[in-house]
Amino acid sequence: MPNLSICIITKNECDNLKICLERIKALGCEIVVVDTGSSDNSKKIASAVTPCVYDFVWCDDFSAARNFAFSKGTGDYLFWMDADDVLPPESQQRFLERKPYFQADMIVMPYYAALDGQNQPLFTFERERLMRRTANYQWEWAVHEVIPIRGTVQREDIPIWHKKQKPRDADRNLQIYQKQIAAGIPFSPREQYYYAR
């Protein structure tokens with residue numbers, strides 16, 4: 001059975017982080033939490049669950065933070081989550097049942113990016129979720145970061161919910177893109193799409 005490292009980046013999301021960690025600690029995986037400059041209790045909450053809590057100086061680059069988190073994981077697979085992601089009970093059970101059968105380079109799972117008041121999905125898509133550590137996958141792009149799919153791929157029906165407790169700074173991503181423009185860094189087609197949005 002493979003060992004897994006769950007890698008989370010966070011900043012000032014103590015309420016979200018607490019819920020996220022409560023749900024994933026039952027999986028029996030290594031948990032890595034990378035804090036990018038919280039002024040709330042995020043680090044204290046993380047330290048109560050795992051000794052693997054690290055600081056990362058925020059540099060307006062989500063990929064850099066996620067790659068740092070991945071560098072701290074020691075498991076056979078690196079499993080990313082956001083602090084405001086939730087593994088519901090049925091997904092916990094399914095995850096534990098399917099864990100012995102994880103064997104591809106990349107494992108893709110459904111992401112419920114928006115839910116209604118009864119936790120029914122309004123917007124779903126697949127995300128790369130677990131990556132074999134020795135395959136050396138790297139996150140790309142400063143905003144709306146992604147790991148391009150390559151190698152062998154396994155699809156698992158283990159939905160992860162994205163549940164924001166409060167709205168994020170609407171200008172955060174735009175400001176990152178504007179800094180990229182000011183620095184003369186050209187956009188990829190993906191970045192141009194998200195900048196236009």
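- Both tests pass for Arg150 against the ring of Tyr137: distance under 6.0 Å to the centre and angle within 45° of the axis.
- Asp82 CG to Thr10 OG1: the interatomic distance, rounded to the nearest 0.5 Å, is 9.0 Å.
- Across all their heavy atoms, Cys20 and Met81 have their closest contact at SG-CE, 4.2 Å.
- A side-chain donor-acceptor contact under 3.5 Å links Tyr111 and His162.
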*asked:* Go through it in stages, so that I can follow the logic: the residues are Gln180 and Gln178, the test is side-chain hydrogen bond (donor to acceptor under 3.5 Å, both in side chains), and I'd like the CA-CA distance, side-chain angles, deciding distance and then a yes or no.
replied: CA-CA 5 Å; Gln180 190 170 328; Gln178 288 171 336; over 6 Å; no
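- Judged by distance alone, the side chain of Asp84 and the main-chain N or O of Asn16 form no donor-acceptor pair under 3.5 Å.
- A heavy-atom distance below 4.5 Å is not found between the side chains of Ser91 and Ile160.
- Summarising the geometry of Cys14 relative to Ser42, their closest heavy-atom pair is N-OG, 3.3 Å, with the distance given to 0.1 Å.
- Atom CG in Asp61 sits 5.5 Å away from atom OG in Ser63 (nearest 0.5 Å).
- Distance CG/Leu17 to CD1/Ile9: 12.0 Å, rounded to 0.5 Å.
- For the side chain to side chain contact (heavy atoms under 4.5 Å, CB included) with Asp76, the qualifying choice from Leu130, Thr134, Leu4, Asn3 is Asn3, the only one to do so.
- Salt-bridge formation is not detected for the pair Lys43/Asp35: no Lys NZ or Arg NE/NH1/NH2 atom is positioned less than 4.0 Å from an Asp or Glu carboxylate oxygen.
- The distance from atom CD1 of Ile181 to atom CZ of Phe187, rounded to the nearest 0.5 Å, is 4.0 Å.
- With hydrogens and angles ignored, the 3.5 Å screen pairs no side-chain donor or acceptor of Asn67 with any backbone N or O of Gln138.
- Using cut-offs of 30° and 60° on the angle between ring planes, the pair Phe95 and Phe79 is parallel.
- Atom-to-atom distance recorded for Arg197:CZ and Tyr177:OH is 9.5 Å, nearest 0.5 angstrom.
- Remark: the backbone N or O of Asp40 is not paired with any side-chain donor or acceptor of Ser38 at under 3.5 angstrom.
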_Phe56 vs Tyr54, test: ring pair (Phe, Tyr, Trp, His ring centres under 6.0 Å). Steps then yes/no._
CA-CA 7 Å; Phe56 179 83; Tyr54 303 94; over 10 Å; no
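- To the nearest 0.5 Å, the span separating NZ on Lys11 from CZ on Arg172 amounts to 9.5 Å.
- Looking at every heavy atom in both residues, Arg66 comes nearest to Glu145 through NE-OE2, 2.6 Å.
- Looking at Trp80, its side chain never comes within 3.5 Å of a backbone N or O of Ala69 through a donor-acceptor pair.
- The one candidate from Arg127, Lys163, Arg129 that meets the salt bridge (Lys or Arg N to Asp or Glu O under 4.0 Å) condition with Asp85 is Arg129.
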*Begin with the C-alpha distance, continue with both residues' side-chain angles, and end with the deciding distance and a verdict on side-chain hydrogen bond (donor to acceptor under 3.5 Å, both in side chains) for Ser5 and Glu30.*
CA-CA 5 Å; Ser5 298; Glu30 176 183 56; 2.4 Å; yes
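- Contact record, Gln103 with Ile107: N-CD1, 4.4 Å, taken as the closest heavy-atom pair.
- At least one donor-acceptor pair under 3.5 Å links the side chain of Gln92 to the backbone N or O of Arg23.
- Using modelled atom types, no side-chain atom of Arg98 and backbone atom of Glu156 make a donor-acceptor pair closer than 3.5 Å.
- Remark: side-chain polar atoms of Asp116 are paired, donor with acceptor, to backbone N or O of Gln120 under 3.5 angstrom.
- Side chain of Gln154 to main chain of Tyr101: a donor-acceptor pair is present (N/O by atom type, distance under 3.5 Å, no hydrogens or angles).
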*Take Val32 and Ile6, measure what side chain to side chain contact (heavy atoms under 4.5 Å, CB included) needs, and give me the verdict at the end.*
CA-CA 6 Å; Val32 174; Ile6 302 176; over 6 Å; no
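- Side chains of Ile147 and Phe70 form a contact here, defined as non-hydrogen atoms less than 4.5 Å apart.
- Here the closest non-hydrogen pair linking Met106 and Pro148 is CE-O, 3.8 Å.
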